[in-house]
> 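Sending over a structure as structure tokens; questions will come in a sec.
We count residues from 1, following the sequence as given. Nothing here was measured: the structure is a model prediction, and the numbers come from that model.
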Amino acid sequence: MKMRTEKDSMGEIEVPANALYGAQTQRAINNFPISGQPLPPAFISAIAKIKAACAYANGKLNRLDQDKADAIITAADAVIAGQHTAEFPIDIYQTGSGTSTNMNVNEVLAHLAATELGQAVSANDDVNMGQSSNDVIPSAVHVSAALSLSTGLMPALLQLEQAISTKGEQLKDKVKTGRTHLMDAMPLRFDQELGGWATQIRYASQRLDGLQSRLQQLALGGTAIGTGINADPRQAQLACDYLNQHTGLNFCPAEDYFYSLSSQDTAVELSGQLKTLAVALMKIANDLRWMNSGPLTGIAEIQLPALQPGSSIMPGKVNPVIPEAVAMVAAQIIGLDTANTVAGQSGNFQLNVMLPLVANNLLTMTQLLANSAPLLAQAISGFTVNQAHIDENLAKNPILVTALNPVIGYDKAAKIAKLAYKEQRPILEVALEHTDLSEDQLRKLLDPAALTR
């Protein structure tokens, strides 16, 4: 590989000749050969958005030559558009402030801007003007997460909620056996059961939407420790105005820079709500797995769409692959939330020092959830109901006798239930033999559909 010599405050270092980055990026590449995983493109894009916004603000404030400001914005737009992705190779597990990644973006944008202008553009003095890694990286955590929610996860959750509600409406006249402790309980309708799922998703969406106002507060303007040294006090608001114009969101400078640099409480809050959503998805996924179990020896109430062969050795076997995949996603989300919880505790004095980890985890979580929700929606939309099997089991359900409690008493109802279960006979037949109630009375009292209202 052909190399060139670059220089920074620590001296000279060899950099690949065709690389757009410079010395500080190369030092980070050398120092952190840990996972081989760079930070997500969405996070790099968020930093580039911030760099463009700051260049715009500094140009407006006459602190940065307008031609340089315009060239930096053009360079940032190229990165935002997905160009030059390979120029951001620094590992997730790096300096906890994310300084290496901030300088990586600064160096790439400076190189691109200088090439366009035909004159030197400084990564530190021009691209990073009025900024510090300590306010840029926390801001990028918020910007990337807010965008990931608004453009990815929230629409996916709406699709899932609508799919569940539509399926419930289609099955509103279908009655099935309810279950508590995995044991037979009173009857309910499919729309009631699925309605509970839809409410879980709707509430999860509401919780996520409720924290956007905090997520859209940015540390930008706090610079090194929150005092705003080397930044024009007007820069942060101008930068936020630019971001809002280009994202459609409502970013604003943080109410308290010392809080926003030293704390990742909002990120931890978001992580917790993503975990809550994951728990809901796992509940729904596992309900589907149980309802689909069988086809002969399980519950077998529904049949999920057959997507692929289920076994390399057992011909004809088909498994509930989408609910299984979603359950694995949920498990991963729960684990990442634990890591974020630990990371949130690392706000030592004036700076949190696990920012790259938080950034990567939040974007991984939102992407996994956003990708999973539509697949689960398709599985729910596509399942069919085994109504004959449901009706047969419903007629024999000994728990139906609960409806007779007010008429014949708990103890007598319990005896009828046990006898019906022992002899595998419908409750109606046994109750006719052991009560004075007429068949018409019993049919009214034991009507499964009536018992769901």
> Checking Arg202 against Ser205: is there a side-chain donor and acceptor pair closer than 3.5 Å?
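No, because no side-chain N or O of Ser205 sits under 3.5 Å from a partner of the opposite role on Arg202.
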
> With no hydrogens and no angle check, just 3.5 Å: does a side-chain donor-acceptor pair link Gln94 and Thr101?
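Result is yes, a qualifying pair exists.
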
> I'd like to know if the side chain of Asn319 reaches the main chain of Gly310, judged simply by a donor and an acceptor atom lying under 3.5 Å from each other, with no hydrogens or angles considered.
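Judged by distance alone, yes, a pair lies under 3.5 Å.
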
> How long is the straight-line distance from CG of Leu215 back to OG of Ser144, given to the nearest 0.5 Å?
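The OG atom of Ser144 sits 8.5 Å away from the CG atom of Leu215.
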
> To the nearest 0.5 Å, tell me how far Gln332 CD sits from Asn361 CG.
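These two atoms lie 8.5 Å from each other.
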
> Could you tell me whether the side chain of Asn360 and the main chain of Ile92 form a donor-acceptor pair under 3.5 Å?
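No: the side chain of Asn360 does not pair with the backbone of Ile92.
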
> For the side chain to side chain contact (heavy atoms under 4.5 Å, CB included) test, which of Thr266, Leu261, Asp265 pairs with Ser263?
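The option that passes is Asp265.
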
> Can you check whether Ser148 reaches Gln367 side chain to side chain, under 4.5 Å on heavy atoms?
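No, side chains not in contact.
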
> Within the structure provided, determine whether Pro16 and Met3 are in side-chain contact (heavy-atom separation under 4.5 Å).
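Heavy-atom side-chain distance check passes, below 4.5 Å.
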
> Is there a donor-acceptor pair closer than 3.5 Å between any side-chain N or O of Ser293 and the backbone N or O of Ile299?
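Flag set: sc Ser293 to bb Ile299 pair under 3.5 Å.
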
> Just wondering, more than 12 heavy atoms not from Gln206 lying within 6.0 Å of its CD?
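Check passes, neighbour count above 12.
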
> Between Gln217 (side chain only) and Glu255 (backbone N and O only), is there a donor and an acceptor less than 3.5 Å apart?
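The answer is yes, because a donor-acceptor pair under 3.5 Å joins these two groups.
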
> From Asn352 CG over to Gln264 CD, what is the distance, rounded to the nearest 0.5 angstrom?
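It comes to 5.0 Å.
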
> Any side-chain heavy atom of Met282 sitting closer than 4.5 Å to one from Val326?
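With C-beta onward as the side chain, the pair stays apart.
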
> Apply side-chain contact (heavy atoms from CB on, under 4.5 Å) to Asn393 and His389, showing your working.
CA-CA 6 Å; Asn393 288 335; His389 181 65; 3.2 Å; yes

> Are the side chains of Pro320 and Leu288 in touch, meaning some heavy atoms are under 4.5 Å apart?
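Answer no - side chains too far apart.
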
> Which pair of heavy atoms, one from Phe88 and one from Pro38, lies closest together, and at what distance?
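Scanning both residues, the minimum pair turns out to be O-CB, 3.5 Å.
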
> Distance-only, no hydrogens or angles: does the Lys167 side chain make a donor-acceptor pair with backbone N or O of Ser381 under 3.5 Å?
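Present.
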
> Around atom CD of Gln303, are there more than 12 heavy atoms of other residues, nucleotides or ligands at under 6.0 Å?
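Result for CD/Gln303: open.
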
> For a side chain to side chain donor-acceptor pair (under 3.5 Å) check, start with the C-alpha distance between Glu14 and Thr5, then their side-chain angles and the critical distance, and finish with the verdict.
CA-CA 5 Å; Glu14 294 295 299; Thr5 301; 2.6 Å; yes

> Cut-off 3.5 Å, side chains only: do Ser271 and Lys275 have a donor facing an acceptor?
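There is no such pair between these side chains.
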
> Determine whether a donor-acceptor pair (N or O, by modelled atom type, separation under 3.5 Å) exists between the side chain of Asp8 and the backbone of Gly11.
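Pair found, side chain donor or acceptor close to backbone of Gly11.
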
> Within a reach of under 6.0 Å around CD of Glu6, are more than 12 heavy atoms found that belong to other residues, nucleotides or ligands?
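Atom CD in Glu6 is packed in, count exceeds 12.
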
> Run through Asn106, Val105, Asn104 and flag the one making a side chain to side chain contact (heavy atoms under 4.5 Å, CB included) with Thr25.
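Exactly one option meets the side chain to side chain contact (heavy atoms under 4.5 Å, CB included) with Thr25, and it is Asn104.
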
> Got a second to check how far Ser260's OG is from Asn134's CG, nearest 0.5 Å?
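Nearest 0.5 Å value for the OG-CG distance: 11.0 Å.
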
> Taking Gly168's backbone N and O only, do any of them form a donor-acceptor pair with Arg189's side chain (distance below 3.5 Å, no angle check)?
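Not confirmed, Arg189 side chain does not pair with Gly168 backbone.
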
> Taking side chain as C-beta onward, heavy atoms only, is Ile164 less than 4.5 Å from Glu161?
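The answer is no; the side chains never approach within 4.5 Å.
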
> Between Leu351 and Ile225, is a side-chain contact (heavy atoms from CB on, under 4.5 Å) present by the stated rule, with each step listed?
CA-CA 7 Å; Leu351 182 68; Ile225 63 167; over 6 Å; no

> Measure from the side-chain N and O atoms of Ser346 to the backbone N and O of Met354, and report whether any donor-acceptor pair falls under 3.5 Å.
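Absent.
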
> Between Gln131 and Asp135, is there a side-chain donor-acceptor contact under 3.5 Å, judged purely by atom types and distance?
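The answer is no; no qualifying pair exists.
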
> Taking Asn340 for the side chain and Val268 for the main chain, is one N or O donor matched with an acceptor at less than 3.5 Å?
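Not a single qualifying donor-acceptor pair exists.
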
> Nearest 0.5 Å, what's the CD1-NZ distance between Ile302 and Lys176?
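Between atom CD1 of Ile302 and atom NZ of Lys176 there are 8.0 Å.
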
> Would you check, one step at a time, whether the test side-chain contact (heavy atoms from CB on, under 4.5 Å) holds for Ile13 with Asn30?
CA-CA 11 Å; Ile13 189 171; Asn30 297 346; 3.7 Å; yes

> Kindly say whether Ala377 contributes a backbone atom to a donor-acceptor pair with the side chain of Gln159 at under 3.5 angstrom?
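No.
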
> Output, in order, the C-alpha distance, side-chain angles, deciding distance and verdict of side-chain contact (heavy atoms from CB on, under 4.5 Å) for Gln24 and Arg27.
CA-CA 5 Å; Gln24 293 199 47; Arg27 292 190 192 282; 5.7 Å; no

> Could you give the distance from CG (Leu160) to CD1 (Ile380), rounded to the nearest 0.5 Å?
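That separation rounds to 5.5 Å.
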
> Considering only heavy atoms from C-beta outward, does the side chain of Lys283 approach that of Val279 to under 4.5 Å?
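No, their side chains stay 4.5 Å or more apart.
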
> For Asp241 and Gln245, run side chain to side chain donor-acceptor pair (under 3.5 Å): C-alpha distance rounded to whole Å, both residues' side-chain angles, the deciding distance at 0.1 Å, then the answer.
CA-CA 6 Å; Asp241 292 343; Gln245 182 182 352; over 6 Å; no

> Find out whether Leu274 and Asp337 are in side-chain contact, i.e. whether some heavy atom of one side chain is under 4.5 Å from a heavy atom of the other.
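SC-SC contact between Leu274 and Asp337 ruled out.
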
> Can you confirm whether Leu208 sits close enough to Leu270 that some side-chain heavy atom of one is under 4.5 Å from a side-chain heavy atom of the other?
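Yes. Closest side-chain heavy atoms under 4.5 Å.
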
